[in-house]
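In what follows, chains are A, B, ... by sequence order, proteins preceding strands, each numbered from 1. The figures here come from the full heavy-atom set of this structure, side chains too, leaving out hydrogens, waters and symmetry mates.
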There are 2 protein chains.
Amino acid sequence: MASGESPRTATLTDVARLAGVSIATASKAINGRAQVRAETRTRVLEAAEQLSFAPNAVARGLLQGRTGTVGLLTSDLEGRFSIPVLMGAEDAFGAGQVSVFLCDARGDAIREQHHIRALLSRRVEGLIVVGSRTDPRPPLTGDLPVPVVYAYAPSENPADISITADNVSAGGLAIDHLLACGRRRIAHVTGDASYAAAQDRARGAERAMKEAGMELVGGRTFFGSWSEGWGRGVASMILDQYPDVDGFFCGSDQIARGVLDSLRESGKDVPRAISVIGFDDWQVLTTNTRPQLTSVDMNLEQVGRLAARRLFEAIEGKAAGGIEELPCRIVTRESSVPVP
Amino acid sequence: MASGESPRTATLTDVARLAGVSIATASKAINGRAQVRAETRTRVLEAAEQLSFAPNAVARGLLQGRTGTVGLLTSDLEGRFSIPVLMGAEDAFGAGQVSVFLCDARGDAIREQHHIRALLSRRVEGLIVVGSRTDPRPPLTGDLPVPVVYAYAPSENPADISITADNVSAGGLAIDHLLACGRRRIAHVTGDASYAAAQDRARGAERAMKEAGMELVGGRTFFGSWSEGWGRGVASMILDQYPDVDGFFCGSDQIARGVLDSLRESGKDVPRAISVIGFDDWQVLTTNTRPQLTSVDMNLEQVGRLAARRLFEAIEGKAAGGIEELPCRIVTRESSVPVP
DNA sequence: CTGAAAGCGCTTACAG
DNA sequence: CTGAAAGCGCTTACAG
């Protein structure tokens, strides 16, 4: 059980010798090729079993010119957006017999280059680049011998294959949900205006209001920062200036938590008087607030899974450049229950 | 820039041909071996440059019997404990020219087996098994041909190499910190009693109190669940039953957040009247509470880094079984500022 | 049905 | 200093 001395990993030659056949025959027997007598096959399989032979995928790959590996290049492993994407991709590949090299560039271009070189020398068959913001990023440089798929953070080059979440539509979904709850005086408070995600959600929200023949409280989106503090502050300000506000669409769950805390302290009843919806569906926040928080889920695992699928296709030559935006969905909780 | 048609990756043969030398000489030139004329070396290097030749690490590995890869086996990628450990390990390996295969077993033993088989067939030189709880886990079965290091979740087999955080000492650290803040009536509220982490921290806390000649409020640790709700509830109960309580050591930041909310609603002044310390140093919680939360950091990246180092050593035959527990540290914030 | 041979891309003694 | 040869572990035509 302890990692004792290793008696040299068995090779196909060992198996062949033990079974008394050539290594060619041993290979065929083990790989289920047709042209092997049943009795011979059994003998080989038993020998393999006895030596706990595991075929060397490295050697096999060298011969076949394919390694069955891909590289997953992330810019930050702690990001709560990267991780789910990464999980989805890992899951999709794992099921398809592909092994995944993980590289964290830590947001550093030099380190990214270094990792790419290493991955290429290991002959990965493709790369997935996972980013932590939806703002388009510069594509990998130096035209690579393998296909690349950009996940969550799309490439600036529209000819590249990019998969991300549809934040514009998501903004509309959130507003539609609040409207469906009977709300009419809706405020949109969100994070840093320099984020494409913030802009996109706001655009979708504003459009949805317009289509409903209304406009957002204050006639605009309130940009700020992705923090509870901002949520608290802006909520109390809005409550003050627009006392008839009856819905808050928040650009993140953190902001929403701040908003909820603020409403609570102002004695406002959520969801009876005011509905609140967050964004990201981050469990630690959504299920611990009072009341629990309705939120928009970006389905990031799906983004990762689709990225894996697209990479597969690109590897097989069925590439199709362009950006795909996956739909988000609302996860309903107590903070937006329609109240008669 | 777009991944156009790949003109077949250049091989050493191509480089040799272009430079007009044998592949043996090309190999030596590229690898900086001494026995090559300077002029020849330049010619080879230029040819390599021109063809953007990248040596095939797979072929090289096959020859040398080492692949320069390791497997990182995690049980859950979403875990906020696994990720930092994983980051640390990835970082340590990346610096050492080792590439890392990532596998998420999703807590499923079957899937774990499947991944191990795949990794072994790819001839990884070692494995790091990352768990999400500090409870000892069953060791990998079927004696493996490569060394294994267990990170965060130690192996049940004391002969295996395990690295984890020293939760017992951490419990003592937290108490000592509260004592240093002048607190005497300290309560310890923590999570699920079935977790080794909860038990260990409680043990350390109780011992530290005893050594200071005191005992915890209520004469015991309050076990419950790892949630804000539990923190809120137990805090208000304690406040009720032991109104002289002046310090809370919480087994997690989530619990601490609940405690803080409860104290706040009861009109208690933190840190003036009561000091609070959490556990995990989870930014999203510690920096958004009012006041900001002092917490215990388990240095998980260090755990990952050390695990990588130990695996390195084990691969080189310098193995040393046993469990190593790394010290934790207090990150001081406003919730425990000593007040005169 | 079985096996000798060639070869994947590379490195390393060993002659010249 | 340079190159022919052997070989890492495997698979795949091609003979027998």
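- Rounded to whole Å, the distance from CG on B:L62 to P on D:dA6 is 18 Å.
- Straight-line distance from the CG atom of A:L12 to the C1' atom of C:dG3: 13 Å, rounded to whole Å.
- A:V21 comes within 4.0 angstrom of sugar-phosphate atoms only, judged by non-hydrogen atoms across all strands, and of no base.
- One P atom belongs to C:dG9, the other to D:dT2, and the distance between them is 25 Å to the nearest Å.
- Each of A:L12, A:V21, A:V15, A:V44 was scored for a side chain to side chain contact (heavy atoms under 4.5 Å, CB included) with A:S27, with one residue passing: A:L12.
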Practice problem: With pairs defined as Watson-Crick or G-U wobble and both distances under 3.5 angstrom, please note down DNA chain C as a dot-bracket string, | for pairing with another strand. | Solution: |||.||||||||.|||
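- The side-chain contact (heavy atoms from CB on, under 4.5 Å) search around B:R41 returns B:A29, B:V36, B:L45, not counting sequence neighbours.
- For A:A197, the side-chain contact (heavy atoms from CB on, under 4.5 Å) criterion is met by A:T134, A:N167, A:R201, not counting sequence neighbours.
- In terms of phosphate contacts, B:R37 brings a side-chain nitrogen or oxygen within less than 4.0 Å of OP1 or OP2 of D:dT2.
- Every ring pair (Phe, Tyr, Trp, His ring centres under 6.0 Å) that B:Y195 has, sequence neighbours left out, goes to B:W226.
- Residues satisfying the ring pair (Phe, Tyr, Trp, His ring centres under 6.0 Å) criterion with A:F81, sequence neighbours excluded, are A:Y152.
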Listing time: all N or O pairs from protein to nucleotides 12-15 of chain D that are below 3.5 Å?
| unit_1 | atom_1 | unit_2 | atom_2 | d |
| --- | --- | --- | --- | --- |
| D:dT12 | OP2 | A:R33 | NH2 | 3.3 |

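- For B:R66 and C:dT11, the CZ to C1' distance is 14 Å, given to the nearest whole Å.
- Partners of B:Y150 according to the ring pair (Phe, Tyr, Trp, His ring centres under 6.0 Å) rule, which considers only residues two or more places apart in sequence or in another chain, do not exist here.
- Side-chain contact between A:V148 and A:D160 is absent, with no heavy-atom pair separated by less than 4.5 Å.
- Dashed line: the shortest gap from a side-chain N or O of B:T13 to OP1 or OP2 of C:dC10 is not under 4.0 Å.
- Screening residues 118-136 of chain B for salt bridge (charged side-chain N to carboxylate O under 4.0 Å, His left out) gives B:R66-B:E125, B:R133-B:D135 as the qualifying pairs, with residues at least two apart or on separate chains.
- The stretch residues 38-57 of chain A touches DNA chain C through A:T40, each having a heavy atom under 4.0 angstrom from the strand.
- Partners of B:D91 under the salt bridge (charged side-chain N to carboxylate O under 4.0 Å, His left out) rule, at least two apart in sequence or in another chain, are A:R106, A:R111, B:R305.
- With sequence neighbours excluded, the residues that form a side-chain contact (heavy atoms from CB on, under 4.5 Å) with A:Q97 are B:H114.
- Sorted by first then second residue, the salt bridge (charged side-chain N to carboxylate O under 4.0 Å, His left out) pairs that include residues 307-316 of chain B, not counting sequence neighbours, are B:R310-B:E313, B:R310-B:E324, B:E316-B:K318.
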